[in-house]
Amino acid sequence: MSRIGNKLITIPEGVTIDVKPGNEVTVKGPKGTLTRTFSDLMDIQINENVVTVVRPNDEKVTKQLHGTTRALLNNMVVGVSKGFEKDLKLVGIGFRTSVKNGVLELVIGYSHHINMEIPEGLEVTCLDAAGKPSPTDIQIKGIDKQLVGEFAANVRAKRKPEPYKGKGIKYTTEVIRRKEGKTAGKK
């Protein structure tokens, strides 16, 4: 029995959910609008301020879809009401970043600068946790959880943190396991 799929989704104030035939769900909120088509096997029901996802049977495929559908719906509701955010930090001498004309420019120790197009629907800024401009911090905000996470992972993949000095691009909440390295003059 899916524990995630059975949870109820409460609709916050200012958010509206519209279910069209073919399980096309549109969620509108103060931050924007998201639309997604779900499997026809799932029955999405809206009663007052509560959304429930009901599966028709206990087959393996429907059990898998049940929890996934509910989680994706919940992410849509949270996205249009609060939004999602990922913070990255550049660690290394001379590492810096800037945003110009919808392009994120990374200077991370290679012989060339890396330019990444910022996808539509994302807001990327070079601010630290306190909201002050910082050339070594990247803040990615958006209403689509998948888009925010995917772009953050692509930025991090350009220079993953290494375990000896910790140089690279890391999430601000990420803890890097450090290695000691070779010691000079072993006896």
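- Under a cut-off of 6.0 angstrom, the local environment of CD in Q64 is crowded, with over 12 non-hydrogen atoms contributed by other residues, nucleotides or ligands.
- Residues forming a side-chain hydrogen bond (donor to acceptor under 3.5 Å, both in side chains) with S39 (at least two apart in sequence, or on another chain): none.
- Taking the side chain as every heavy atom from C-beta outward, R178 and P163 never approach each other to under 4.5 Å.
- Taking CG of N115 as the reference point, atom CG of L104 lies at 8.5 Å (rounded to 0.5 Å).
- For the side-chain contact (heavy atoms from CB on, under 4.5 Å) test, no residue two or more places apart in sequence or in another chain qualifies with N47.
- R96 places no side-chain N or O within donor-acceptor distance of the main-chain N or O of P135, the cut-off being under 3.5 Å.
- If you take CZ on R70 and CZ on F38, they are separated by 11.5 Å, rounding to the nearest 0.5 Å.
- Shown here for V15 and P30, the closest heavy-atom pair between the two residues is CG2-CD, 4.3 Å.
- Side-chain contact between Y171 and L88: present, with at least one pair of heavy atoms (C-beta onward) separated by less than 4.5 Å.
- Heavy atoms of other residues, nucleotides or ligands lying less than 6.0 angstrom from CD of Q45 number more than 12.
- In the hydrophobic cluster analysis, where Ile, Leu, Val, Met, Phe, Trp and Tyr join through side-chain heavy atoms closer than 4.5 angstrom, I114 is grouped together with I118.
- Shown here for G166 and P161, the closest heavy-atom pair between the two residues is O-CB, 4.4 Å.
- Among pairs with a residue in residues 142-170, those fulfilling salt bridge (Lys or Arg N to Asp or Glu O under 4.0 Å) read R156-E174, at least two apart in sequence or across chains.
- Once rounded to the nearest 0.5 Å, the distance linking OG1 of T172 with CG of D87 reads 4.5 Å.
- The salt bridge (Lys or Arg N to Asp or Glu O under 4.0 Å) analysis of residues 121-139, with sequence neighbours excluded, yields the pairs K89-D137.
- Between atom CG of residue L41 and atom CG of residue L65 there is a gap of 6.0 Å, rounded to the nearest 0.5 Å.
- Scanning for side-chain contact (heavy atoms from CB on, under 4.5 Å) contacts around D40 gives N23, with sequence neighbours left out.
- Inter-residue side-chain proximity for D58 and K63 is flagged as met; some heavy-atom pair is nearer than 4.5 Å.
- No side-chain heavy atom of L34 sits under 4.5 Å from any side-chain heavy atom of T26.
- Side chains of N57 and T62: a donor on one and an acceptor on the other come within 3.5 Å.
- Clustering ILVMFWY residues whenever any of their side-chain heavy atoms sit less than 4.5 angstrom apart, transitively, puts V155 in a cluster other than the one holding V91.
- Of the inter-residue distances, the one linking I140 atom CD1 with F84 atom CZ reads 14.5 Å to the nearest 0.5 angstrom.
- Residues V53 and D43 have side chains not in contact (no heavy-atom distance under 4.5 Å, counting atoms from C-beta outward).
- T33 OG1 to I143 CD1: the interatomic distance, rounded to the nearest 0.5 Å, is 7.0 Å.
- Between C126 and S98, the shortest heavy-atom distance links the atoms SG-CA, 3.7 Å.
- There is a path of hydrophobic side-chain contacts, each under 4.5 Å, that joins L147 to I138.
- For the side-chain contact (heavy atoms from CB on, under 4.5 Å) criterion with M116, the lone passing option out of N154, V124, V103 is N154.
- With contacts defined as side-chain heavy-atom distances shorter than 4.5 Å, the pair T52/V50 qualifies.
- Checking side-chain atoms of H66 against main-chain N and O of G5 turns up a donor-acceptor pair under 3.5 Å.
- Counting only residues at least two apart or on different chains, no salt bridge (Lys or Arg N to Asp or Glu O under 4.0 Å) pair has a member in residues 12-37.
- L127 and G131 get closest at one heavy-atom pair: CD2-O, 3.7 Å.
- Side-chain contact between V51 and L73 is present, with at least one heavy-atom pair separated by less than 4.5 Å.
- Connection of L90 to Y110 is established within a shared hydrophobic cluster, with ILVMFWY side chains joined at heavy-atom distances below 4.5 Å, either directly or through further cluster members.
- Here the side chains of V27 and T16 are not in contact, with every heavy-atom distance at 4.5 Å or above.
- I44 and I17 end up in the same hydrophobic cluster when Ile, Leu, Val, Met, Phe, Trp and Tyr side chains are linked at under 4.5 Å.
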